[in-house]
Amino acid sequence: MGKKAARNFFIWGTVICTALFIWLTIDTHTTIPKRTHTDQLTDEVVLGKRVWHKHNCNDCHTILGIGGYYSPDVTKAYSTRGETWLKTFLKNPESPDPQRRKMPNLNLSEDEIKKLIVYFKWVDAIDTNQWPPKPVGEANPREGALKGKPQTLLGKNVYNQYRCDLCHKIGGEGGPVGPDLTHIGSNKESPWLAKQIRDPKSHNPNTQMPPFPQISEGEIQALVDYLVTLK
Amino acid sequence: MAYESQKVAIKYFVISAIFFGLQVIVGLLLVSKYIWPDPLIGILPFNTARAIHTNLLVVWMIFGFMGGTYYIVPEESGTELFSEKLANLQFWLLLLGGLVGVVGFLFGWTAGRPLLELPVELKWAIVIVALIFILNVFLTMIRTKKWTAIQGMLLGGIVMLAVMWLFGIPFFKNLTLDYYYWWWVIHLWVEGAWELIAASLMAFVMLKITNVDRQVIEKWLYVEVALVLITGIIGTGHHYYWIGTPNYWLWWGGIFSALEPLPILFMVFDTLNHVRHRKIEVTNRLALYWAVGCAIFHFIGAGVWGFAHTLPVVNRWTHGTQVTASHGHMAFFGAYAMMILTVIYYALPKLKGLAQFNQKRGFWVFWITTVSMAIMGLAFGVAGVIQSYMWRGLGMDFLAVQGFMRPWFMIVLLGGIGLFIGVIIYIVDVLSLATKRS
């Protein structure tokens, strides 16, 4: 191949691929209204996005898998955590556990929190081609690296992971939304507690406690085993 | 060095080196935050530090590209620069813009979009700097008697760089479209515009140190860049799998991006081939090491690591994990950091009129930084695989999984400290070369 042929290859290859890419872009635009339900992209949602930008949330958290890998992905935050949990969390995300990775308290106003949650709700419903994927297995906290640890410690871990402390108090530490759990072991039995966590509305249909769709049976068991020791 | 005005490149090279050092320091802070519960959270929380880390990267690389361009263009065009004054003015404006940006981040002045955190006012200021730069380069090039492929490709690269930047300026209401055009900056820079600039700068250095026939070098430059753009433009689609865009991108993106390692592999053979057929004895062995090392590390970091998680079946699990951080670090280092160091180690002694210079320190920099980056990249990669498996595969809690990744972040820190030492030696080397009396 001579230099001239190489140059033609360069020019035509680039032109054709650019044209193809622009065509795909135009076609993509026609699918956006349906895939991202732009009819629900209200001014409030856009204001929520502005709050998201203002605090540079995206450099710690990923959204649609893009951004900082330091903190949990928020694409499905709305459906996995629920409104009540998010509201409580965003008001003060700081955890009492000193070993835990910290999110600073951003001192968001009630209004900012509301808009942010509306934004998360809109993002949650974007058609992402089934991403994030459903887990293929289930981590059994009794196996592997966690082996040998007492069940109550595991349960305490689960308690921390799901940030139950945002609403509940144990020994004076935690939030005021839900009942104090300091002596929960003297009041409630294991099956009652398991049922409450699995489906919070089962005992009191008006409860503010959100369901935790991601929690596994193993985790519920560990959590309940921990809670009943609190007497 | 053939023209006096090439000397404007020196100050670009010096700032490029110093900002590289600053970037690595902030990187060390970032990885510490993964290991211990957030040191310095009150002053430099993770998001601010990450914004500074990535923007410093872009700025020091742009300084490197611009310095390299100002060195090469007069020599390729056979004329002095159109305006040394503009080149100097543009240097100070860019430096000011970079510093204001970094200080602004500390005070929360941000557009809040990853990698494009610079507030909109500064983004427009950067456009002005870019226009001055392009104008200066273009007006120098048109004085040339014979247009060369290297010139054309370089000009094409910097124009594309500036045009793509414009897509990063507006505020998008729709997150999907936001990220759709966000990638026009990020991806079409690193797998488009920057590759054009890198390939032409590298072609120039190879031409000079091996004295291989220009016709041969330029022919392969065309082929290489053609392959980069043919695979890379539609390869943008590998970022459109999960962001709300149609699922045909899984095919377009998957197939084209799977071909993206080809031009890089081609470049490795190309570089080695030129070295084998060199017509003169290479006196600057250091520049040669950087050039060959660059080709190989570019292939591993961008080609192999990129390919490893570009197919949708893999990417579904690794998207948004440390696997991307592993690829990002290795690819940027191999493709661009090493390329800029090649250019600087070639051009700086020339600019000072040194026929010989002490290359020992430069070889230390070469081995320390490449080995450190390989360690970092591998450790990030293991952390990423653990994360993909436990968080995505088993559905465990995000933060619980971070505990299992912690030992690997300690290794990242170790590699980072190594890199830091290497970069300190590099800065000392650049400063001592730049201040040497010729």
Side-chain angles (χ1 to χ4, degrees), chain A residues 1-3 6-7 9-10 13-14 17-18 20-21 24 27-28 31-32 35-36 38 41 46 49 52-60 62-73 98-102 104 123 126-129 131-133 135-139 145 157 161-162 214 216, chain B residues 33-34 37-38 41 45-48 50-51 108 110-114 117 149 173-177 179-180 215 218-220 222-223 225-226 229-230 233-234 236-237 240-247 250 252 316-317 319-322 324-325 390 392-400 402 404:
Chain A
M1 177 164 60
K3 190 170 154 190
R7 198 174 65 180
F9 175 55
F10 161 69
T14 307
C17 284
T18 306
L20 204 56
F21 186 62
L24 287 166
D27 188 79
T28 297
T31 69
I32 294 296
R35 297 184 63 94
T36 67
T38 44
L41 184 56
V46 176
K49 188 168 185 278
W52 170 255
H53 287 319
K54 179 182 159 199
H55 295 279
N56 200 17
C57 310
N58 213 169
D59 260 331
C60 287
T62 48
I63 190 163
L64 300 175
I66 296 169
Y69 311 121
Y70 189 61
S71 310
D73 188 87
Q99 281 311 305
R100 205 180 160 81
R101 186 167 295 172
K102 290 180 171 55
V123 170
I126 292 176
D127 180 354
T128 55
N129 295 327
W131 188 90
V136 278
E138 188 186 297
N157 247 338
Q161 277 172 25
Y162 287 88
Q214 276 191 326
S216 71
Chain B
K33 287 170 184 282
Y34 276 97
D38 222 334
I41 188 170
F46 188 91
N47 56 350
T48 308
R50 184 178 187 263
T110 173
R113 299 169 71 203
E117 294 94 344
K173 289 182 177 175
N174 188 319
L175 181 68
T176 296
L177 289 177
Y179 277 142
Y180 191 89
Q215 293 301 319
E218 292 199 332
K219 178 176 83 181
W220 295 121
Y222 275 128
V223 177
V225 175
L229 292 178
I230 288 169
I233 292 174
I234 300 175
T236 315
Y240 298 158
Y241 297 159
W242 326 116
I243 64 163
T245 35
N247 57 8
L250 269 65
W252 286 104
R316 177 180 282 282
W317 304 97
H319 179 58
T321 70
Q322 298 292 342
T324 316
M390 297 182 97
R392 286 307 181 203
L394 299 180
M396 284 173 69
D397 177 70
F398 179 91
L399 284 176
Q402 297 288 317
F404 294 92

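Lettering follows sequence order; numbering is per chain, from 1.
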Drop me the distance from Leu175(B)'s CG to Leu64(A)'s CG, to the nearest 0.5 angstrom. 4.5 Å
Among Ile32(A), Val123(A), Thr62(A), who wins on heavy-atom pairs under 4.5 Å with chain B? Ile32(A)
What heavy-atom pair brings Lys33(B) and Tyr70(A) nearest, and what distance separates the two atoms? O-OH, 3.1 Å
Heavy-atom closest pair, residues Pro37(B) and Arg100(A): CB-O, 3.8 Å
Between Cys57(A), Ser71(A), Gly13(A), which has the largest tally of heavy atom pairs under 4.5 Å with chain B? Ser71(A)
Kindly write out the residues that satisfy side-chain hydrogen bond (donor to acceptor under 3.5 Å, both in side chains) with Asp59(A), not counting sequence neighbours, or none if the list is empty. Asn56(A), Arg50(B)
Considering non-hydrogen atoms only, spot the tightest contact between Lys102(A) and Asp38(B) and give its length. O-OD2, 3.7 Å
Is there side-chain contact between Arg392(B) and Pro135(A), with heavy atoms separated by less than 4.5 Å? no
If I take atom CD1 from residue Ile230(B) and atom SG from residue Cys17(A), how far apart are they, to the nearest 0.5 angstrom? 5.0 Å
Leu41(A) versus chain B, heavy atoms under 4.5 Å apart: side chain, backbone, both or neither? side chain
State, yes or no, whether a side-chain contact exists between Val223(B) and Arg7(A) at a heavy-atom distance under 4.5 Å. no
Determine whether Gln161(A) and Leu399(B) make a side-chain contact, defined as any pair of heavy atoms from C-beta on separated by less than 4.5 Å. no
Arg113(B): partners by side-chain hydrogen bond (donor to acceptor under 3.5 Å, both in side chains), with sequence neighbours left out: Asp178(B)
Measuring heavy-atom distances to chain B, does Asn129(A) have an atom under 4.5 Å in its side chain, in its backbone, in both, or in neither? both
Gap between atom OH of Tyr69(A) and atom OG1 of Thr324(B) - 0.5 Å precision: 4.0 Å
Got Tyr162(A) and Asp397(B) here, is their nearest side-chain heavy-atom distance under 4.5 Å? no
Who among Pro246(B), Pro114(B), Gly320(B), Ala226(B) has the most heavy-atom pairs with chain A under 4.5 Å? Pro246(B)
On a heavy-atom basis, the closest approach of Ile234(B) and Phe21(A) is CA-CD1, 4.1 Å
Would you mind reporting whether Ile243(B) and Thr128(A) have side-chain heavy atoms less than 4.5 Å apart? no
Tyr222(B) versus chain A, the contacting section by heavy-atom distance below 4.5 Å: both
Could you give the distance from OG1 (Thr245(B)) to CG (Leu24(A)), rounded to the nearest 0.5 Å? 11.0 Å
Could you look at Thr28(A) and say if it's the side chain, the backbone, both or neither that has a heavy atom under 4.5 Å from chain B? both
What part of Tyr179(B) gets within 4.5 angstrom of chain A, counting heavy atoms only: side chain, backbone, both, or neither? side chain
For a quick test of reading the model, state the closest non-hydrogen atom pair linking Tyr34(B) to Arg101(A) and the distance between them. CD2-NH2, 3.3 Å
Side chains of Val136(A) and Trp317(B), heavy atoms from C-beta outward: is any pair under 4.5 Å? yes
Among the options Ile126(A), Thr36(A), Thr31(A), Asp127(A), pick out the one with the most heavy-atom pairs lying under 4.5 Å from chain B. Thr36(A)
Looking at side-chain heavy atoms only, is the closest gap between His55(A) and Thr110(B) below 4.5 Å? no
Pair count under 4.5 Å, heavy atoms only, with chain B: among Pro104(A), Cys60(A), Gly2(A), highest is Cys60(A)
Using side-chain heavy atoms (C-beta onward) and a distance below 4.5 Å, is Lys173(B) in contact with Lys49(A)? no
Tell me, side chain or backbone of Lys54(A) under 4.5 Å from chain B's heavy atoms, or both, or neither? backbone
What part of Ala111(B) lies closer than 4.5 angstrom to a heavy atom of chain A: side chain, backbone, both or neither? backbone
Atom CH2 in Trp220(B), atom CE in Met1(A): separation rounded to 0.5 Å? 5.0 Å
Honestly, the part of Tyr241(B) sitting under 4.5 Å from a heavy atom of chain A is backbone
Name the region of Glu117(B), side chain, backbone, both or neither, that has any atom closer than 4.5 Å to a heavy atom of chain A. side chain
